[in-house]
Amino acid sequence: MANLTILRTYALKDPASLPRSILFSHTETSLTIYDAFPKSMFHFLILPRASSKPEANELDSLRTLLKGDKARAKQVISALREDAQTLRKEIEDEMLKRYGFKWDVWTGFHATPSMQHLHLHVLSADLCSEKMKNKKHYNSFHPKIGFFLDVDEVLSWFDAEDSYFAAMAKLDPKDHEAFLKQDLACFHCGSAMKNMPALKAHLQEEWDKQAARVKAKLERKRQLEEKSDTVENSDQVHSKKQKADSNTQ
DNA sequence: GTTCTAGAAC
DNA sequence: GTTCTAGAAC
């Protein structure tokens with residue numbers, strides 16, 4: 001049985017004491033760690049640091065955070081979002097370096113997470129991974145099902161009416177667990193998948209197609225730029241020649 | 001969160 | 001007979 005409070009212990013520790021194999025980076029207020037069971041090609045968690053047990057209790061989950069002071073909750077979530085945007089750029093650099101193109105990065109919370117301590121998932125939009133093993137794993141990250149809550153959506157609750165905020169902030173596990181049992185459907189094209197092996201093969205095909213499509217587009221763009229550079233250069237040579245000609249006239 | 005495995009599904 | 005899912009884990 002995995003340790004369900006491991007993230008809480010990280011959040012309370014001095015980041016310098018965490019091994020590099022776990023910790024990716026940190027700031028004054030947050031830690032970015034590698035997800036131990038990545039469900040996409042890139043998958044990180046960003047957690048708010050805690051300096052005391054009471055503070056860690058407040059940060060136990062999205063539900064407990066939203067139950068407390070609203071301004072404080074908004075500040076914590078906004079700070080995590082900021083860190084996620086920085087991380088996203090780093091992921092995109094790595095995508096380019098490793099695969100020659102970049103694709104979407106999702107940033108969101110699980111409505112009812114199984115591990116304690118608030119954590120923001122930052123993962124590439126492919127859901128292609130060895131560790132993606134069952135329906136619950138997949139549906140918990142499917143962007144349209146409702147279990148995975150985009151950070152911007154959560155932040156939008158703060159600007160809505162109080163009654164709406166209260167309704168969303170409940171995050172009752174009973175309401176969300178049904179989402180995880182929904183039939184398997186591809187998040188790219190929506191087609192129904194009869195089981196996990198079929199879904200995984202299909203997701204890999206979708207990613208391969210996307211890679212080929214984006215790379216072909218990049219290549220066309222590169223060739224166009226090369227062509228226009230050549231034209232520009234020859235224009236310059238041409239105009240210089242004209243200038244030289246006019247000088248001699 | 002994972003591992004294990006009984007029995008359903010094919 | 002093999003693949004796959006889904007619930008228990010003392």
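Not measured: the values here are computed from a predicted model. In what follows, chains carry the letters A, B, and so on, assigned in the order in which the sequence lines appear, proteins first and then strands, with residues in each chain numbered from 1.
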To which residues is Leu127(A) joined in a hydrophobic cluster, defined by side-chain heavy-atom contacts under 4.5 Å among Ile, Leu, Val, Met, Phe, Trp and Tyr, whether direct or through other members?
Trp106(A), Leu123(A), Met132(A), Tyr138(A), Phe141(A), Phe148(A), Leu184(A), Phe187(A), Met193(A), Met196(A), Leu199(A), Leu203(A)
Can you name the side-chain hydrogen bond (donor to acceptor under 3.5 Å, both in side chains) partners of [X], sequence neighbours left out?
| X | result |
| --- | --- |
| Glu226(A) | Arg222(A) |
| Asp104(A) | none |
| Arg98(A) | Glu94(A) |

With Arg88(A) via salt bridge (Lys or Arg N to Asp or Glu O under 4.0 Å) - residues at least two apart:
Glu92(A)
Looking at Lys39(A), does any N or O in its side chain come under 4.0 Å of the phosphate oxygens OP1/OP2 on dT2(B)?
yes
Show me the donor-acceptor pairs, under 3.5 Å and distance only, between side chains in residues 61-68 of chain A and residues at least two apart or in other chains.
from     : atom 1 : to       : atom 2 : distance (Å)
Ser61(A) : OG     : Arg63(A) : N      : 3.3
Ser61(A) : OG     : Thr64(A) : N      : 3.1
Thr64(A) : OG1    : Glu58(A) : O      : 3.0
Thr64(A) : OG1    : Asp60(A) : N      : 3.4
Thr64(A) : OG1    : Ser61(A) : N      : 3.0
Thr64(A) : OG1    : Ser61(A) : O      : 3.0

Taken in chain and number order and not counting sequence neighbours, the residues that satisfy side-chain contact (heavy atoms from CB on, under 4.5 Å) with Glu206(A) are Cys186(A), His188(A), Cys189(A), His202(A), Lys209(A)
Lys70(A): what forms a side-chain contact (heavy atoms from CB on, under 4.5 Å) with it, not counting sequence neighbours?
Phe158(A), Asp162(A), Phe165(A)
Can you check the Lys135(A) NZ to dG1(B) C1' distance for me, whole Å?
19 Å
Write down the distance between CG (Asn134(A)) and P (dT3(C)), rounded to a whole number of angstrom.
19 Å
Donor-acceptor pairs under 3.5 Å, side chain of residues 173-182 of chain A to any protein atom, not counting sequence neighbours: which ones?
from      : atom 1 : to        : atom 2 : distance (Å)
His176(A) : ND1    : Asp172(A) : O      : 3.1

For Leu59(A) versus Arg49(A), what's the shortest heavy-atom pair and its separation?
CD1-O, 3.8 Å
Which ones in residues 172-198 of chain A lie close to DNA chain C, meaning a heavy atom under 4.0 Å from one of its atoms?
Asn195(A), Met196(A), Pro197(A)
Describe the nucleic acid contact of His119(A) in one word from base, sugar-phosphate, nothing, applying a heavy-atom distance below 4.0 Å.
nothing
Just the table, please: protein N/O against nucleotides 5-9 of chain B N/O, every pair under 3.5 Å.
none

Parsed dot-bracket for DNA chain B after applying the Watson-Crick and G-U rules with both distances under 3.5 Å and | for other-strand partners is .|||||||||
